[in-house]
Participant: 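One structure coming up, written as structure tokens, with questions to follow.
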Amino acid sequence: MLGELILKTIIIVVVVNTVLAFGGFLTWVERKQSAVMQDRIGANRASILGLRLWGLFHILSDGIKMFAKEEFIPRTDHRKLFLVAPFIAWFFALMGFAVIPFSNTLHVAGYELSLQIANPQIGILFAFAMMGMTIYGLVLGGWASNNNYALLGAMRGAAQMISYEIALAAAVVGPLIVYHTLNMQEIVLWQAKLWGGWLPLWGIVVQPLAFFLFITAGAAGTKRVPFDLPEGESEIIGFNLEYSSMRFGAFMFTDFVEKILVSCLAVTVFLGGWQVPFLTENGFVFRGETLLALSPLVIWLIQPAAFFLKVCVVIYVLMLVRWTLPRFRYDQLMHLGWKIMLPLAFANIVITGFVLLVLKA
Amino acid sequence: MGNITVKKIDTSRPMTFLERIYIWEILRGLWITNRHFVVNMFFHILNLFGIKTKRKGAVTIQYPEEHRGWHRRLRTRHYLARREDDSPRCVGCMMCETVCPANCIYIVAHDHPDPNVEKQADKFTIDMGKCVYCGFCVEVCPEDAIRMDSGHLEICSYTREDMIYHIDRLLEQHHDPSDYKNHEEWMEEYP
Amino acid sequence: MSGKEKKTVKTVIDGKEYAFPQGTTILEAAKSVGIEIPHFCYHPGLSIAGACRMCLVEIEKMPKLQISCHMTVDDGMVIHTNNERVKKARKAMLEFHLVNHPLDCPVCDQGGECNLQIYYMMHGNYISRLRENKVKKTKKAFQIGPHVMLDQERCVLCSRCVRFCQEISKSNELGIFQRGDREEIDVFPDMQLNSPYSANVVDICPVGALLDKDFRFKTRAWYLESADSICPRCSRGCNIEIHYNLNRPWKNEGRRLARLKPRCNLEVNDWWVCDEGRYSFKFIDDDNRIEGPLVRTDGKARNTGFKEALELAAESLRNSAASTDVEIAVLVSPRAANEELYLLKHVFSEQLPGTRLVFSSATPFEPTEDDILRKKDKNSNTRGAELMGLTPDSAQVWSLSELKDAVLAGEIGALYICYHDITGLPEEFSAGWAEALERIPLVVYQGTNTCPTSEKAQIIFPAAAFAEREGTVTNFEGRVQIQQKVFEPLSEALPGWQIIQSLGVALGGSYEYESAEEVFADLAKNEPAFAGLSYEKIGSGGFVAKDAKA
Amino acid sequence: MPQVKLISRFFEIENSHRLRVYEENGGYSAARKVVTENWEPDKIINTVKASNLRGLGGAGFPAGVKWGFVPKDHEGPKYLVVNADESEPGTFKDRHVMINAPHLLLEGVIIAALSIAAKDVYIYIRGEYWEAYHVLERAIKEAEKAGYLGKNIFGSGHSIKVHIHRGAGAYICGEETALLSSLEGFKGWPKLKPPFPAVKGLFSMPTIINNVETLSYVPIVIEKGPEYFAGLGVERSGGARLFGVSGHVNRPGVYELPLGTPMRELIHEHAGGIREGRSLKAVIPGGTSCPVLTAEEAEKVNLDFDSLAEIDSMLGSAGVIVMDETTDMVKVLCRICKFYSFESCGQCTPCREGTGWMARIMERIVSGNGHYQDLDDLLDIASMIGGNTICPLGDAAALPVTSFIKKFRDEFEAKASAGSITAASSRLSAEEL
């Protein structure tokens with residue numbers, strides 16, 4: 001029991017720190033990727049002892065800057081809410097990672113060793129629930145700012161996130177019908193199947209429309225361009241208007257954490273999670289022939305790496321979208337959410353159910 | 001007024017089906033940005049290893065270390081020109097002060113000691129913190145006294161008072177052609 | 001213009017028929033119907049020279065173009081002021097005017113209000129085809145009198161200034177020398193343009209040849225704004241324009257008022273103003289202006305704010321009034337506006353009955369007089385005071401010497417001085433006053449600038465200068481004219497009528513005038529001499545008070 | 001037509017300037033006739049009108065008509081002014097009259113003064129005419145002594161006082177109103193007309209101003225009768241006048257000819273033909289302010305007011321300047337322009353600035369730096385001056401420029417094109433902008 005507690009604690013610490021580090025890293029990635037896309041160089045000036053490392057120290061300098069800046073707190077009746085709001089968002093975004101399976105389960109010395117903090121049967125619902133809770137941080141922040149523009153931004157944000165949360169959930173229903181489970185680990189395991197002996201039956205293969213809807217709604221849920229109406233920092237301004245210093249940083253960081261969470265969910269549900277095609281517990285196997293035999297420990301290490309790689313690809317795509325498309329107008333946003341995505345998601349559910357019924361018959 | 005030609009875009013054309021479903025256009029856009037990323041990244045990496053350094057991965061110029069050079073038409077910080085006999089050209093006519101849209105020029109004129117020259121600027125002050133670099137003052141100057149080809153563009157200071165240039169400062173810094181390029185050179189270097 | 005009825009003639013100008021009195025010049029006739037004919041040498045106040053040839057017009061049935069400043073309208077005349085032939089001639093004349101003009105508009109103070117510039121923009125606008133050297137005159141700009149600078153090269157030889165000196169000031173300092181394009185305006189040898197009206201040549205000079213030394217290089221004409229006013233320097237009450245600049249405080253050494261220009265009023269000053277009046281505005285932006293209400297205790301003056309100073313003054317005055325041994329005296333100034341005089345008269349007689357009014361029209365200025373404009377009485381409003389019965393002719397009002405006797409006899413407990421600098425007056429008036437003032441327990445001074453008299457006062461109220469307040473003044477012939485408020489009073493200063501009203505309120509009265517105009521309305525109601533007058537009726541030309549002739 | 005000897009007969013009589021000699025030759029008979037017969041002013045005026053005697057100073061206004069303008073009922077003095085300020089270049093006839101026949105002039109003065117009831121007569125004589133001045137002065141003294149001038153002339157009760165005023169050398173003072181200004185003691189500036197001097201002239205009084213030659217013909221008209229005089233010339237241009245021929249002729253001098261004499265006759269017969277047998281190039285018919293005539297025109301034209309007006313020239317002061325083929329017309333015009341620029345009074349703008357401008361352009365052309373464009377500019381400037389000035393000096397300066405350039409354009413272009421054209425071409429491009 002104690003061993004399990006220690007183990008879980010270690011896993012929690014590892015996961016949380018990895019996510020946070022990766023989130024910090026993404027701030028640099030975002031700048032660099034956009035720069036390269038736009039024929040620029042991007043942040044590269046921060047240096048330690050003349051060492052620049054392509055601007056990697058900007059993560060550090062940004063952090064220091066965030067902490068060092070003067071914190072401005074508006075005159076408000078909800079000072080406590082104001083202070084705590086960014087961390088509510090942050091906290092719930094991090095909570096979502098609890099159910100993400102980063103690797104397969106390894107049975108060692110009677111322990112089930114898995115890079116997954118918890119594996120409840122309703123894992124995916126937990127993740128969605130946590131994602132949905134981040135809205136509170138946003139709304140509370142906007143409300144407590146005692147600023148009309150912040151409040152309006154928060155209202156826009158809440159409306160937008162609720163709209164897309166539904167599409168997001170509805171999009172996942174299709175795959176869940178196929179997988180027949182809500183357990184995250186089982187979802188991943190289901191995707192180990194090969195269709196025709198060579199095509200991995202990942203969620204993206206069986207549910208391409210759902211994947212597309214999920215990515216779109218996910219981008220909207222993380223308030224990224226082209227769905228950044230809650231913030232709209234350049235002109236319409238948003239819920240974080242009155243925030244400065246590290247509290248602003250927390251809001252900004254929540255964005256990145258959410259982005260990782262959405263990517264993780266997308267990878268888990270649609271891209272086979274930690275699965276590597278043709279990698280079985282004995283090594284790489286293709287049509288019954290063992291191509292490369294590997295020890296279980298190596299396999300167990302390859303799988304999180306694969307997961308990480310897939311997450312990186314999804315994040316790359318999300319960032320690509322963010323630096324390519326201009327922002328929606330609010331009515332277009334609502335039109336897309338309610339009149340296109342949601343019907344499409346429902347249609348997907350119906351068709352999936354119908355197809356499954358036909359296949360069973 | 002020169003002629004301003006406005007390019008008209010024909011919006012009466014009905015959008016094609018692919019354009020209307022939007023997805024295809026989005027993908028096309030993503031493809032373009034993605035291509036830029038990949039190509040640029042490729043050259044960045046090559047440059048990192050010292051290969052193909054002529055083709056840069058980015059058009060960025062690393063400004064303080066690397067100067068782009070200025071087109072001869074660029075308006076840089078003002079200076080007051082002198083005549084051949086080293087006297088200031090400015091006659092204190094206040095045309096620039098009048099035309100200035102930012103109201104950043106302050107002139108006080110007085111009699112010139114030489115009776116054959118009538119007027120002279122006693123105080124000539126430009127508040128660079130207010131200046132919008134429109135160049136009207138240069139355009140309007142009947143004596144070609146105020147010019148904006150000093151070649152100084154890095155005007156920064158820690159106080160507002162430092163941004164206020166008085167006549168002595170405006171007179172002492174002259175045209176510095178080192179960073180200027182004429183049009184042909186410019187076009188060659190930055191096509 | 002004799003009063004004899006003139007025959008009217010019907011004349012067609014630019015296709016429309018008008019009726020004009022016979023003898024009207026075409027230029028004046030056209031002007032009266034809104035057609036501006038360009039001209040340099042013509043000035044309504046001077047004789048006709050016909051030299052500039054700018055005002056050429058075409059008259060049908062006359063082979064040559066005629067100068068409209070000299071030609072008079074006649075029955076059946078058909079005049080074209082703007083057809084191609086006239087335009088071409090105008091352009092040609094402008095080209096000639098500019099052949100030897102130095103074109104140094106940027107440094108020329110006339111720039112912006114120069115007829116040559118204006119006409120070039122309106123009628124010329126050609127590209128110069130002059131490839132010859134311009135004729136240089138011997139000297140560039142030089143001073144020809146105490147107020148006037150001459151630049152011969154800019155001169156278009158319209159001879160207005162020469163005619164002014166011959167016909168108006170009759171001082172004949174200026175002449176035209178040489179001939180042909182070497183011709184130049186200059187003062188006659190060993191002479192200076194120093195007549196008392198010399199600076200008028202600056203106003204009438206259509207170009208920048210004659211310039212005001214005082215105004216030179218201080219600012220540019222287009223920065224100035226203009227407001228109508230009345231010259232405060234003598235009892236003529238010349239109509240003036242005040243040119244001021246508030247937006248560019250670094251100009252004109254920080255002074256707001258840049259210059260005074262005469263304003264045409266044929267009933268008062270024609271087109272002219274004397275140099276004394278023209279340069280009388282310096283005190284307005286002087287360093288010695290009183291900027292706030294001061295109370296002097298133990299020889300030290302401190303700014304207490306109006307409330308405290310007024311209360312102190314009221315209390316002290318009441319104390320004096322309560323004493324049976326001494327009297328309160330008010331030294332009324334004929335330089336104050338009608339409104340101030342009226343309020344002084346009423347406030348003191350109502351709140352402190354028995355107050356002794358004292359009147360003196362003495363000024364520190366030299367009593368110059370001539371038959372052109374200047375009057376011996378250097379106060380702007382002596383006649384107004386007379387019409388209100390404030391002069392020593394009436395038994396209740398003392399003269400300055402009577403006051404001095406009373407002071408020396410110790411009968412005066414408090415003296416309220418308006419604007420007068422008693423100690424600065426000529427010897428015959430000021431003698432003994434420096435000591436006499438010391439003997440008065442309370443001296444209250446209301447004025448614009450610090451002066452020896454104000455130094456002796458215990459309470460000092462800062463009054464607005466004539467350009468800083470609205471008010472009316474009455475000139476020597478009883479013409480009531482308005483001095484507009486041009487800009488805000490300097491720092492804490494208040495218009496004189498407001499100070500007196502506030503003092504009246506502090507003394508326990510209720511005076512609720514909102515503006516000088518309201519005071520004047522009351523004045524017109526209560527003073528028979530001003531009956532029926534109002535600001536509207538006075539207008540820009542002034543109005544002669546009803547009883548003034550009596 | 002042969003010469004007539006009306007005035008010019010005195011040129012040949014020795015000591016004709018003396019009263020005795022003059023009287024021996026029939027002098028003062030006309031004046032005496034007018035005075036003793038007690039002619040009404042109207043009769044004198046009508047006689048002169050009938051003689052078709054025109055003002056011979058240059059403008060050619062009928063003298064009798066002018067005299068008739070003087071208001072009859074005017075109270076106060078009236079003046080007769082004799083314009084002896086003969087300063088038009090090429091004109092020298094008045095000097096001959098004054099030196100050789102001063103009494104003829106004085107006789108004319110007496111008759112004219114009587115016709116307008118003037119008691120004071122001013123002779124405004126050109127300052128440089130030193131000899132003429134002294135001759136006139138002596139003649140006046142003689143006449144006064146004889147009782148022809150001064151108080152109670154010819155015992156008739158009329159009195160006429162003649163004053164001589166010497167000019168200070170300004171060309172403009174030959175213009176009648178400028179002459180009056182000068183006489184009044186002011187700068188010699190022309191005055192605006194109207195009012196005309198006949199109504200408001202010297203010292204604001206009615207004044208008649210006549211040329212020396214005009215007045216000198218008056219006694220002749222009175223004596224020989226207006227019909228005789230009018231019949232001398234051709235129709236509409238009656239009478240005779242003195243032609244002063246100068247320039248490249250063999251016998252320059254003053255010739256008295258009836259109007260209408262062909263110019264060819266004047267040059268080739270009376271003046272002895274062109275110097276050294278060269279051919280004629282141009283003729284200025286009446287002082288430099290008249291438009292020039294080419295040789296062909298000069299050969300054809302008759303010397304009377306109308307014939308010259310037909311070819312857009314004037315008889316002017318009848319100072320005929322003859323130029324032969326060697327003459328450089330550009331230099332001639334440059335000289336003329338410089339003269340007018342120097343003599344412009346400077347009162348009104350077009351003349352003041354325009355003459356100087358033209359002179360400077362001409363100097364540049366002569367110096368070899370001209371351009372074709374300059375010629376057009378000159379024509380334009382001249383047209384801008386002409387007709388827009390107070391007095392005729394502007395026209396006088398403009399007319400020669402116009403006529404010289406129009407009639408001898410080849411010569412001007414040859415000279416002008418030799419110069420640099422850079423300045424001109426740069427200006428042209430500016431115009432195109």
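Residue numbering restarts at 1 for every chain, and letters A, B, ... go by the order of the sequence lines.
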Participant: Does D:R352 come within less than 4.0 Å of C:D181, counting only side-chain N to carboxylate O?
Facilitator: no
Participant: Working to the nearest 0.5 Å, report the span between CD1 of D:I385 and CZ of C:R53.
Facilitator: 12.5 Å
Participant: With a 4.5 Å limit on heavy-atom distance, are the side chains of D:K187 and C:F177 in contact?
Facilitator: no
Participant: Please classify the contact of D:P194 with chain C as side chain, backbone, both or neither, using a heavy-atom distance under 4.5 Å.
Facilitator: both
Participant: Using a cut-off of 6.0 Å, state whether more than 12 heavy atoms not belonging to C:K87 lie near its atom NZ.
Facilitator: yes
Participant: Atom SG in C:C52, atom CD in D:Q347: separation rounded to 0.5 Å?
Facilitator: 11.0 Å
Participant: If you draw the axis of the six-membered ring of D:Y171, does the NZ or CZ of C:R179 fall within 45° of it and under 6.0 Å from the ring centre?
Facilitator: no
Participant: State, to 0.1 Å, how close C:E132 and D:W357 come at their nearest heavy-atom pair, and which atoms those are.
Facilitator: OE1-NE1, 3.9 Å
Participant: With a 4.5 angstrom heavy-atom cut-off, could you sort out which part of D:E363 is near chain C: side chain, backbone, both or neither?
Facilitator: neither
Participant: For D:I381 and C:F96: C-alpha separation, side-chain torsions, deciding distance, then whether side chain to side chain contact (heavy atoms under 4.5 Å, CB included) applies.
Facilitator: CA-CA 9 Å; D:I381 297 166; C:F96 285 132; 3.7 Å; yes
Participant: Is there a side chain to side chain contact (heavy atoms under 4.5 Å, CB included) between D:R360 and C:V99 once you walk through the steps?
Facilitator: CA-CA 11 Å; D:R360 277 177 279 158; C:V99 164; 3.7 Å; yes
Participant: I'd like to verify something: which residue of C:M93, C:M54, C:Q66, C:M71 has the highest number of heavy-atom pairs under 4.5 Å with chain D?
Facilitator: C:M93
Participant: Report yes if some heavy atom in the side chain of C:K64 is under 4.5 Å from a heavy atom in the side chain of D:D395; otherwise report no.
Facilitator: yes
Participant: Rounded to the nearest 0.5 Å, what's the gap from OG on C:S47 to CG on D:L192? Could you check?
Facilitator: 9.5 Å
Participant: Closer than 3.5 angstrom, by distance alone: can the side chain of C:K88 be matched with the main-chain N or O of D:M384 as a donor-acceptor pair?
Facilitator: no
Participant: Could D:E353 and C:K134 be called an ion pair, given the rule that one side-chain N must be under 4.0 Å from one carboxylate O?
Facilitator: no
Participant: Checking heavy atoms, do the side chain of C:H70, its backbone, both or neither come under 4.5 Å from chain D?
Facilitator: side chain
Participant: For C:R131, which of D:I361, D:N369, D:D374 qualifies under side chain to side chain contact (heavy atoms under 4.5 Å, CB included)?
Facilitator: D:D374
Participant: Using non-hydrogen atoms and a 4.5 Å limit, figure out which bit of D:Y340 sits close to chain C: side chain, backbone, both or neither.
Facilitator: neither
Participant: More than 12 heavy atoms of other residues, nucleotides or ligands under 6.0 Å from CZ of D:F186: yes or no?
Facilitator: no
Participant: For residues D:I390 and C:G50, report the shortest heavy-atom separation together with the two atoms involved.
Facilitator: CD1-O, 3.3 Å
Participant: Measure D:A170 against the heavy atoms of chain C and call it side chain, backbone, both or neither at under 4.5 Å.
Facilitator: both
Participant: Against chain D, work out which of C:N133, C:I176, C:I67, C:L56 has the most heavy-atom pairs shorter than 4.5 Å and name it.
Facilitator: C:I176
Participant: May I ask you to name which of C:I48, C:L65, C:N100 has the most heavy-atom pairs under 4.5 Å with chain D?
Facilitator: C:N100
